[in-house]
Amino acid sequence: MPHGFSARSHGPDAQVPADLAPVAALLAGVPEPLLWVGAGNRIRMANPAAHELLGARLEGQSALLAIRQPEPVAALERAAAAAPGTRMEARYILTTPAAETIFRMVAHRLAPAGALEGVLVSFLDISHVEEAEQMRRDFVANVSHELRSPLTVLSGFIETLQGSARDDAPARERFLAIMAQEARRMNRLVGDLLSLSKVEANERVRPRDVVRMADVIGATLAALRPQIEEEGIRLSVRGLAPGEGGELPGDRDQLEQVVHNLVENAIKYGGTGGAVRITLEAHASWPGFSGPVLTLAVADDGEGIDPIHLPRLTERFYRVDSHRSRQMGGTGLGLAIVKHIVNRHRGRLSIDSVRGKGTTFLLVLPRQ
Ligand SMILES: Nc1ncnc2c1ncn2[C@@H]1O[C@H](COP(=O)(O)OP(=O)(O)OP(=O)(O)O)[C@@H](O)[C@H]1O
Ligand SMILES: [Mg+2]
């Protein structure tokens, strides 16, 4: 019994009476921390996970001292005084310099007397649940905020058109143009949200179609042609060797979305008159991948991104300069969508940026 209680030495109190050895073996098999607390709140048994959480010397010690936080201690005391079968719950928070882990602690009153007397205290790590809940709340708040600004502009102009500007034809034209722009903005936001939820929904389904990456790049550049010309972008495309189309298993629409956002960002944030370099390469191997890959680099010579922003860039709604991005019609969802699509294709996206020199987004996609 390598992980059993009798085999581990946690001080002089670690010895478990022979008749309780099966219980000890049972508790040792549970991956969550468990404490069996007996009369006088003394710990009768602790499984290895509990030792990891609360310390090496537990058996024989006061559970109240081992747990120490007011709410969990109160829950344990209430359970100890209650009828068998009673459950009391509290949040137990473990704070280390690196992170905070939140546990749902349950104190379950066992039999009133006899061999199995006492309270069984269990700890369940619910940090990820709380995190997901927090993300959901942030997401709803962000969406509401993003929708509210164009809506405020629209309502304001509707009022003006109904009132003071009613008979002012030139003002009406101007306002209607702004209203149309704000409506387009809302439309784009809703479109991006829908595409994000669609991408998330099928993230685990591997794409099977054979896609030629050269075609994806060609179609995307054709769609972005007006923007490229308007901004006077100097575009260079370095493709694959003749006869090589860059085939890989993929979802053509989604890969177009990826290339579209990366190139559009390079145009938008690279600045008017900037250079955008697109390079598609085939490699027989690549670190971290088991087979051949295609790499696509999209580089601009814009002002670059401060390294502190890089880890968060693919979060939904994250923008380095939200005012500037919004002015350009951005919603901050582009790279979040890119990340999910790249995940679905089992690829990798890395960002390399030098302030004042430019940014390169490197996409690595497996070919099998
Ligand atoms: N090539 C780049 N150079 C400098 N900053 C960039 C570049 N690409 C992205 N960023 C920064 O990353 C942020 C997030 O990009 P993302 O594509 O997710 O959103 P967006 O372009 O603002 O809006 P959307 O793509 O939804 O229209 C941008 O707001 C911008 O601050
Ligand atoms: Mg974008």
Side-chain angles (χ1 to χ4, degrees), residues 135 138-139 142-147 149-150 181-200 216-217 220-221 223-224 226-228 230-237 253-279 296-343 347-363:
M135 270 172 69
D138 289 351
F139 182 64
N142 276 324
V143 171
S144 314
H145 178 76
E146 292 295 330
L147 281 172
S149 3
Q181 190 187 337
E182 292 301 314
R184 270 197 300 275
R185 190 178 155 59
M186 287 173 79
N187 211 359
R188 214 167 28 230
L189 176 63
V190 172
D192 278 355
L193 284 170
L194 284 175
S195 105
L196 185 61
S197 84
K198 223 165 52 197
V199 174
E200 276 181 315
V216 169
I217 295 170
T220 309
L221 291 181
L224 283 169
Q227 248 166 293
I228 293 170
E230 194 178 318
E231 295 293 329
I233 300 291
R234 287 169 288 126
L235 180 73
S236 77
V237 185
D253 285 347
Q254 289 192 339
L255 289 173
E256 270 182 29
Q257 254 177 296
V258 168
V259 180
H260 190 279
N261 187 57
L262 294 182
V263 177
E264 189 187 43
N265 283 352
I267 297 170
K268 281 199 298 192
Y269 306 109
T272 306
V276 173
R277 294 182 309 281
I278 300 172
T279 315
L296 174 70
V298 179
D300 64 56
D301 59 359
E303 58 197 53
I305 307 166
D306 199 297
I308 59 162
H309 297 292
L310 292 183
R312 300 196 55 192
L313 224 51
T314 55
E315 281 177 25
R316 300 153 169 188
F317 296 115
Y318 192 85
R319 287 171 287 207
V320 173
D321 177 346
S322 52
H323 178 69
R324 182 155 165 236
S325 154
R326 212 171 275 147
Q327 257 185 344
M328 296 194 219
T331 59
L333 290 173
L335 287 176
I337 295 173
V338 165
K339 185 185 71 181
H340 285 288
I341 295 176
V342 172
N343 284 347
R348 213 164 54 199
L349 179 73
S350 53
I351 310 168
D352 189 15
S353 191
V354 181
R355 284 307 300 268
K357 287 229 181 310
T359 307
T360 302
F361 283 80
L362 179 70
L363 181 66

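Counting starts at 1 for both ligands and their atoms, in listed order. Owing to the predicted nature of the structure, the values given are computational and were not obtained by experimental measurement. All residue numbers in this chain count up from 1 along the given sequence.
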Could you go through Asn265 and Val298, starting from their C-alpha distance and side-chain angles, then the distance that decides it, and tell me whether this counts as side chain to side chain contact (heavy atoms under 4.5 Å, CB included)?
CA-CA 10 Å; Asn265 283 352; Val298 179; over 6 Å; no
Heavy-atom contacts under 4.0 Å between Asp300 and ligand 1: side chain, backbone, both, or neither?
side chain
Do any protein N, O or S atoms sit under 2.8 Å from the Mg ion (ligand 2), and which ones are they?
Asn261 OD1, Asn265 OD1
Counting non-hydrogen protein atoms only, what is the nearest one to atom 27 (O) of ligand 1? Give residue, atom name and distance.
Gly330 CA, 3.3 Å
Nearest non-hydrogen protein atom, atom 17 (O) of ligand 1
Asn265 ND2, 2.9 Å
Judging by distance only, is a nitrogen or oxygen of Glu264 under 3.5 angstrom from one on ligand 1?
no
Please check whether Leu333 reaches ligand 1 - meaning an N/O of the residue sits under 3.5 Å from an N/O of the ligand, judged on distance alone.
yes
Under 4.5 Å between any side-chain heavy atoms of Ile217 and Leu296, yes or no?
yes
Applying side-chain contact (heavy atoms from CB on, under 4.5 Å), name anything that partners Val320, two or more places apart in sequence or on another chain.
Ile305, His309, Leu313
Here the atoms of ligand 1 under 4.0 Å from any heavy atom belonging to Tyr318 are 13 (C), 14 (C)
Atom pairs and distances, side-chain donor-acceptor, residues 182-195, under 3.5 Å, sequence neighbours left out:
from	atom 1	to	atom 2	distance (Å)
Arg188	NE	Gly329	O	3.1
Arg188	NH2	Gly329	O	3.0
Asp192	OD2	Thr331	OG1	3.0
Ser195	OG	Gln257	NE2	3.0

Just which atoms of ligand 1 are under 4.0 Å from any heavy atom in Leu313?
12 (O)
With only distance considered, is Gly332 within less than 3.5 Å of ligand 1 through an N or O on each side?
yes
Distance from atom 16 (P) of ligand 1 to nearest protein heavy atom, with residue and atom:
Leu335 N, 3.6 Å
Rounded distance [0.5 Å steps], NE2 in His260 versus OG1 in Thr220
7.0 Å
Table please: side-chain donor-acceptor pairs of residues 332-343 below 3.5 Å, with sequence neighbours left out.
from	atom 1	to	atom 2	distance (Å)
His340	ND1	Glu203	OE1	2.6
Asn343	ND2	Glu203	OE2	3.2

Please check this pair: side chain of Arg319 against backbone of Gly330, looking for a donor-acceptor N/O pair closer than 3.5 Å.
yes
Here the gap from Thr359 atom OG1 to Asp352 atom CG, rounded to the nearest 0.5 Å, amounts to 8.5 Å
Please list, in number order, the atoms of ligand 1 under 4.0 Å from a heavy atom of Asp192.
26 (O)
Closest to atom 22 (O) of ligand 1 among protein heavy atoms sits Ser325 OG, 2.7 Å
Which pair of heavy atoms, one from Gly302 and one from Asp300, lies closest together, and at what distance?
N-OD1, 2.9 Å
Return the closest protein heavy atom for atom 26 (O) of ligand 1 as residue, atom name and distance.
Thr331 OG1, 2.7 Å
Step by step, work out the side chain to side chain contact (heavy atoms under 4.5 Å, CB included) result for Phe317 and Val143.
CA-CA 9 Å; Phe317 296 115; Val143 171; 3.8 Å; yes
Would you call Ile278 and Val259 a side-chain contact if the rule is heavy atoms closer than 4.5 Å?
no
For ligand 1, is there an N or O atom under 3.5 Å from any N or O atom of Val320?
yes
Would you give the length of the straight line joining atom CD1 of Ile351 to atom CG of Leu262, rounded to the nearest 0.5 angstrom?
9.0 Å
Examine Gly334 against ligand 1 and note whether any of their N/O atoms are separated by less than 3.5 Å.
yes
Provide the number and element of each atom of ligand 1 under 4.0 Å from a heavy atom of Arg319.
22 (O), 29 (O)
Atom 7 (C) of ligand 1 [closest protein heavy-atom partner, distance rounded to 0.1 Å]:
Tyr269 CD1, 3.5 Å
Which bit of Asn261 gets closer than 4.0 Å to ligand 1, counting heavy atoms only: side chain, backbone, both or neither?
side chain
Decide salt bridge (charged side-chain N to carboxylate O under 4.0 Å, His left out) for Glu146 and Arg316; before the verdict, give the C-alpha distance in whole Å, the side-chain angles of both, and the deciding distance to 0.1 Å.
CA-CA 12 Å; Glu146 292 295 330; Arg316 300 153 169 188; over 6 Å; no
Report, in ascending order of atom number, the atoms of ligand 1 lying under 4.0 Å from any heavy atom of Thr359.
3 (N)
Mode of His309 contact toward ligand 1 - side chain, backbone, both, neither (heavy atoms, under 4.0 Å):
neither
Looking at Gly358, is its backbone amide N or carbonyl O close enough to the side chain of Asp301 to form a donor-acceptor pair, meaning the two atoms are under 3.5 Å apart?
no
